[in-house]
Amino acid sequence: MLKIMQAKLVTLSIPTPDGVFVAHYSDKGLCGLEFPSRMKKPRIQSDTDESPRRVRAWHAATVKALKRVLSGKPPGRLPPVDLSSGTDFQQRVWRALQDISRGKTLSYGQVATAIGNPKALRAVGGACGANPIPVLVPCHRVLAANQRLGGFGGGLDWKRALLTRERVQWS
DNA sequence: CCCTAGCGGTGCT
DNA sequence: AGCACCGCTAGGG
């Protein structure tokens, strides 16, 4: 019998000019990123000794990549990304999102077509909303048809800000 | 602008 | 199994 064991997560904070993001790491890599929140802070193992050297290396890459994207630049090198929390469908969507480069956008329908399931365009919206690693897995680059903004789980202000910094226009 | 029908994945009962 | 969500879209007032 295969037991599902929740691998221990390491949680580290990322101070930026936009606020303090929070990153989660599994044993496979970066598995979550949270937007800054004014609510109570999660428990952070901020101390360097606490986290394995490997995680610290991943985190350094995350911090760098995040700051670059927040300033409208390409992310550069990413840490390993662990998307295994998602269903097969979600993972296919999230992987497709990773191929949208800075300054480019796709519609929900185009993402659906890209993963070979063109009629699942509505479900693509759901998968984007469930993206565990916003910003670095760039779900903000998915717009509604006819270049309209569409939605954003992290709040539309964030979507507008990220797109603006990438010089993307919408209608 | 509004409405409506059709659509697929997900999570709840 | 059923059912109600949805970050959707195309078509028609």
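Here is how names work: the chains are called A, B, and so on, in the same order as the sequence lines, proteins then strands, and each is numbered from 1.
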Looking only at heavy atoms, which two atoms of A:Ser85 and A:Pro132 are closest? And how far apart?
OG-CG, 4.4 Å
Determine whether A:Trp158 and A:Phe21 satisfy the following criterion, ring pair (Phe, Tyr, Trp, His ring centres under 6.0 Å), listing intermediate values before the conclusion.
CA-CA 13 Å; A:Trp158 270 112; A:Phe21 287 68; 5.7 Å; yes
Using a strict 4.0 Å threshold on nitrogen-to-oxygen distance, state whether A:Glu166 and A:Arg141 make a salt bridge.
yes
Is A:Gln90 reaching over with its side chain to a backbone N or O of A:Ala127, donor-acceptor style, under 3.5 angstrom?
no
Counting only non-hydrogen atoms, which of residues 82-119 of chain A are less than 4.0 Å from DNA chain C?
A:Ser107, A:Tyr108, A:Gly109
Mark yes or no for whether A:Lys28, through its side chain, and A:Val81, through its backbone, hold a donor-acceptor pair below 3.5 Å.
no
Testing the basics here: between A:Pro36 and A:Asp18, what is the closest heavy-atom pair and its distance to 0.1 Å?
CG-O, 3.5 Å
Any chance you could lay out the side-chain contact (heavy atoms from CB on, under 4.5 Å) test for A:Phe89 and A:Asn117, step after step, and finish with the verdict?
CA-CA 10 Å; A:Phe89 178 84; A:Asn117 200 345; 4.1 Å; yes
Encoded 5' to 3' (Watson-Crick or G-U under 3.5 Å; [ ] crossing; | other strand), DNA chain C becomes ||||||.||||||
Under a 4.0 Å heavy-atom cutoff, the residues of residues 122-146 of chain A touching DNA chain C are A:Arg122, A:Gly125, A:Cys128, A:Gly129, A:Cys139, A:Val142, A:Ala144, A:Ala145
On DNA chain C, which is the earliest and which the latest nucleotide, 5' to 3', with an atom closer than 4.0 Å to a heavy atom of chain A?
C:dC6 to C:dA10
Show your reasoning for whether side-chain contact (heavy atoms from CB on, under 4.5 Å) applies to A:Thr113 and A:Tyr108.
CA-CA 9 Å; A:Thr113 298; A:Tyr108 294 94; over 6 Å; no
A:Tyr25 and side chain to side chain contact (heavy atoms under 4.5 Å, CB included): which partner among A:Thr62, A:Asp82, A:Leu9, A:Thr11?
A:Thr62
How far apart are the C-alpha atoms of A:Val63 and A:Thr16, what are their side-chain angles, what is the distance that settles it, and do they pass the side-chain contact (heavy atoms from CB on, under 4.5 Å) test?
CA-CA 9 Å; A:Val63 171; A:Thr16 77; over 6 Å; no
Residues A:Phe152, A:Arg160; criterion side-chain contact (heavy atoms from CB on, under 4.5 Å); working and verdict
CA-CA 9 Å; A:Phe152 196 68; A:Arg160 280 188 280 260; over 6 Å; no
Just one of A:Leu78, A:Leu97, A:Val93, A:Leu30 clears the side chain to side chain contact (heavy atoms under 4.5 Å, CB included) bar with A:Val137, so which one?
A:Leu97
Look only at the side chain of A:Arg167 and the backbone of A:Gly103, and say whether a donor-acceptor pair between them is shorter than 3.5 Å.
no
Closest heavy-atom pair, A:Ala23 versus A:Ile14, reported as atoms and distance to 0.1 Å, is CB-CD1, 4.0 Å
How close do A:Lys159 and A:Leu143 get, heavy atom to heavy atom, and via which atoms?
CE-CD2, 4.0 Å
Extract, from 5' to 3' on DNA chain B, the first and final nucleotides lying under 4.0 angstrom from some heavy atom of chain A.
B:dG6 to B:dT10
Any carboxylate oxygen within less than 4.0 angstrom of a Lys/Arg side-chain nitrogen, looking at A:Lys104 and A:Asp99?
no
Where along residues 152-170 of chain A does a heavy atom fall under 4.0 Å from DNA chain C?
A:Phe152, A:Gly153, A:Lys159
Looking only at heavy atoms, which two atoms of A:Ile44 and A:Ser13 are closest? And how far apart?
CG2-N, 3.7 Å
